[in-house]
Peer 1: 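The following block contains the structure, expressed as structure tokens.
Below, chains carry the letters A, B, ... as their sequence lines are ordered, and counting in each starts from 1. Treat the numbers as computed from the prediction; the structure is a model and nothing was measured. These numbers come from the heavy atoms of this one structure, side chains and all, not from hydrogens, waters or symmetry mates.
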There are 2 protein chains.
Amino acid sequence: MSHRPFHHGNLRTVLLEQAEVVLRERGIDALSLRELAREAGVSHGAPRSHFIDRGALLDALAERGFIRLADRIREAASREPEDHARALHAAASAYLAFAERDPALLDLMFATKVGEPSEAVRGAAERLFGTMTDIMNAGVEAGAYDADDVGRLTLLLSATVQGIAALVTSRRITTPQSEALVDDAIRLFLKGASAG
Amino acid sequence: MSHRPFHHGNLRTVLLEQAEVVLRERGIDALSLRELAREAGVSHGAPRSHFIDRGALLDALAERGFIRLADRIREAASREPEDHARALHAAASAYLAFAERDPALLDLMFATKVGEPSEAVRGAAERLFGTMTDIMNAGVEAGAYDADDVGRLTLLLSATVQGIAALVTSRRITTPQSEALVDDAIRLFLKGASAG
DNA sequence: ACCTGAACACCGTTCAAGT
DNA sequence: ACCTGAACACCGTTCAAGT
């Protein structure tokens, strides 16, 4: 048996993955660097080599969250290449599914920043917005919107879906209500956004 | 001089008001019961008489936040009794102004609940939704919507405005962008929601 | 380059005791 | 009814030292 640390070269990922579990099961208040270290079998000082402080861990979690959410949305929309309305619906549903599985992570991703958001988080958030933009551009090609409007419409759609997600994670509406709300949102969005 | 505690009968309010300042200036991570107690000039155990734990204080803050936000929105909309579109715009702008002044408080109001939200918070959140409903009902009388749709449309408008606020508090968009987004949102909402 | 372990300051919570 | 103050367990952070 070696006495090299079990997680040598891997501790960062182990901490992040365990943190996601804690976030999912017990929420952000239960997330402690010392507990993560204990569960990973390292000393309480070890995370310091990978995250300068608790905020840096939270940033890394938010970054991973944005990347995963963007991937889920892109994947969902890509299953409806022929029908833009259905693609929007699939994307929104994927967003809501993420919110229901990982509400505390979504909170973290959209949490108030005291200063500027970190570069990594900002980039990951832009990846999500880029995914939404790609989906909307497919709608332009299908004749659903004017090309000039796509930037503003993408922002509006993103805000609307995030708002619905916030109502779900804060338990203000139930899952069935959120599904009806997504239907309404997309129907009204397409009607209101149509050129002319 | 009496040695009755300075805050006798008043400590609860003093703690809440100081907590709102801390939340505004330094964010939720800086909010500590012990610090609040020190600043109020009482022992660290004193808050226990008014809030069973830190979560109860946060609930009380969220409750007050919902009440204040609902009042601001009602007031803003009431200044445009003749023009429903302008009333919606005023309400949304009041929401965004709240989000910019008290981003951490808004986060708290829409934070993920692990269990069920407390009765008091739920009631206060419903007051906000009730205010939005009243504004929308005025739109029904003005002929902007079918009465049958007003419940779903109110939910959609609420979600959209909250989503725009989330983009602001998370620093994803700037204040000018949020103003343009509110314009787009309300124009598109009225177009999409119009009866027929 | 990464991890250990002592040290420090701070925190939430509990609770017997006071008024 | 409300507040005090000791006690407990836990936490984030720092840092000299090890490998």
Peer 1: Tell me whether the OP1 or OP2 atom of D:dC11 has a side-chain N or O from A:Arg38 closer than 4.0 Å.
Peer 2: yes
Peer 1: So, is B:Ser43 close to the D:dT4 phosphate, meaning a side-chain N or O under 4.0 Å from OP1 or OP2?
Peer 2: yes
Peer 1: Has the side chain of B:His50 got a donor or acceptor atom sitting under 3.5 Å from an opposite partner on the base of D:dA1?
Peer 2: no
Peer 1: A:Phe51 and side-chain contact (heavy atoms from CB on, under 4.5 Å): which single residue from A:Leu36, A:Leu58, A:Asp59, A:Leu57 fits?
Peer 2: A:Leu57
Peer 1: If a pair means Watson-Crick or G-U wobble with both distances below 3.5 Å, what does DNA chain C look like in dot-bracket form, with | marking bases paired to a different strand?
Peer 2: ||.|||||...|||||.||
Peer 1: Does the side chain of A:Ser32 get closer than 4.0 angstrom to OP1 or OP2 of D:dG12 through an N or O atom?
Peer 2: yes
Peer 1: Applying ring-ring contact (aromatic ring centres under 6.0 Å, His included), can you list everything that pairs with B:His44, at least two apart in sequence or on another chain?
Peer 2: none
Peer 1: Taking salt bridge (Lys or Arg N to Asp or Glu O under 4.0 Å) as the test, write out the residues that go with B:Arg79, two or more places apart.
Peer 2: B:Glu75
Peer 1: Between atom CG in A:Asp29 and atom C1' in D:dG12, what is the gap in whole Å?
Peer 2: 15 Å
Peer 1: Hey, can you pull the residues of residues 53-65 of chain A with a non-hydrogen atom under 4.0 angstrom from DNA chain D?
Peer 2: A:Asp53, A:Arg54
Peer 1: Please collect all ring-ring contact (aromatic ring centres under 6.0 Å, His included) contacts where either partner lies in residues 14-41 of chain A, sequence neighbours excluded, each pair once.
Peer 2: none
Peer 1: Applying salt bridge (Lys or Arg N to Asp or Glu O under 4.0 Å), can you list everything that pairs with A:Arg152, at least two apart in sequence or on another chain?
Peer 2: A:Asp149, B:Asp184
Peer 1: Output side-chain donor-acceptor pairs under 3.5 Å for residues 125-135 of chain B, partner residues at least two apart or in another chain, one line each.
Peer 2:
{"from": "B:Glu126", "atom 1": "OE2", "to": "B:Arg122", "atom 2": "NH1", "distance (Å)": "2.6"}
{"from": "B:Arg127", "atom 1": "NH1", "to": "B:Asp71", "atom 2": "OD1", "distance (Å)": "3.3"}
{"from": "B:Thr131", "atom 1": "OG1", "to": "B:Arg74", "atom 2": "NH2", "distance (Å)": "3.1"}
{"from": "B:Thr131", "atom 1": "OG1", "to": "B:Arg127", "atom 2": "O", "distance (Å)": "3.0"}
{"from": "B:Thr133", "atom 1": "OG1", "to": "B:Phe129", "atom 2": "O", "distance (Å)": "2.8"}
{"from": "B:Asp134", "atom 1": "OD2", "to": "B:Arg74", "atom 2": "NH1", "distance (Å)": "3.1"}
{"from": "B:Asp134", "atom 1": "OD2", "to": "B:Arg74", "atom 2": "NH2", "distance (Å)": "3.2"}

Peer 1: Rounded to whole angstrom units, what separation is found between the CZ atom of A:Arg34 and the C1' atom of C:dG5?
Peer 2: 10 Å
Peer 1: What's the closest nucleotide to the A:His44 side chain, out of C:dC11, D:dA6, C:dG5?
Peer 2: C:dG5
Peer 1: Return the value, rounded to whole Å, for the distance between atom CZ of A:Phe51 and atom P of D:dC11.
Peer 2: 18 Å
Peer 1: Quick one: which of C:dT4, D:dC3, D:dG12 gets closest to the side chain of B:Leu11?
Peer 2: D:dC3
Peer 1: Strictly by salt bridge (Lys or Arg N to Asp or Glu O under 4.0 Å), give each pair with a member in residues 163-182 of chain A just once, sequence neighbours left out.
Peer 2: A:Arg171-B:Glu116
Peer 1: Could you please spell out the steps behind the side-chain hydrogen bond (donor to acceptor under 3.5 Å, both in side chains) verdict for A:Asp183 and A:His89?
Peer 2: CA-CA 7 Å; A:Asp183 288 346; A:His89 204 284; 2.3 Å; yes
Peer 1: Mind checking what makes salt bridge (Lys or Arg N to Asp or Glu O under 4.0 Å) contact with B:Arg26, not counting sequence neighbours?
Peer 2: B:Glu35
Peer 1: Can you tell me how far C1' of D:dC11 sits from CG of A:Leu36, to the nearest Å?
Peer 2: 12 Å
Peer 1: Atom CG of B:Leu15 to atom C1' of D:dC2: distance rounded to whole Å?
Peer 2: 13 Å
Peer 1: Please name all residues satisfying side-chain contact (heavy atoms from CB on, under 4.5 Å) with B:Glu100, sequence neighbours left out, ordered by chain then number.
Peer 2: B:Val168, B:Thr175, B:Ser178
Peer 1: Just jot down the ring-ring contact (aromatic ring centres under 6.0 Å, His included) partners of A:Phe66, sequence neighbours excluded, or say none.
Peer 2: A:Phe110
Peer 1: With a 4.0 Å cut-off, would you call B:Arg48 and B:Asp53 a salt bridge?
Peer 2: no
Peer 1: Please report the distance, rounded to the nearest Å, between CD in B:Glu39 and P in C:dC10.
Peer 2: 14 Å
Peer 1: Using a strict heavy-atom distance below 4.0 Å, which residues from residues 17-26 of chain A are in contact with DNA chain C?
Peer 2: none
Peer 1: Measure the distance from CG on B:Leu33 to C1' on D:dC11 and round it to the nearest whole Å.
Peer 2: 15 Å
Peer 1: So for A:Arg48 and C:dT4, does any side-chain atom that can act as donor or acceptor lie under 3.5 Å from a complementary atom in the base?
Peer 2: no
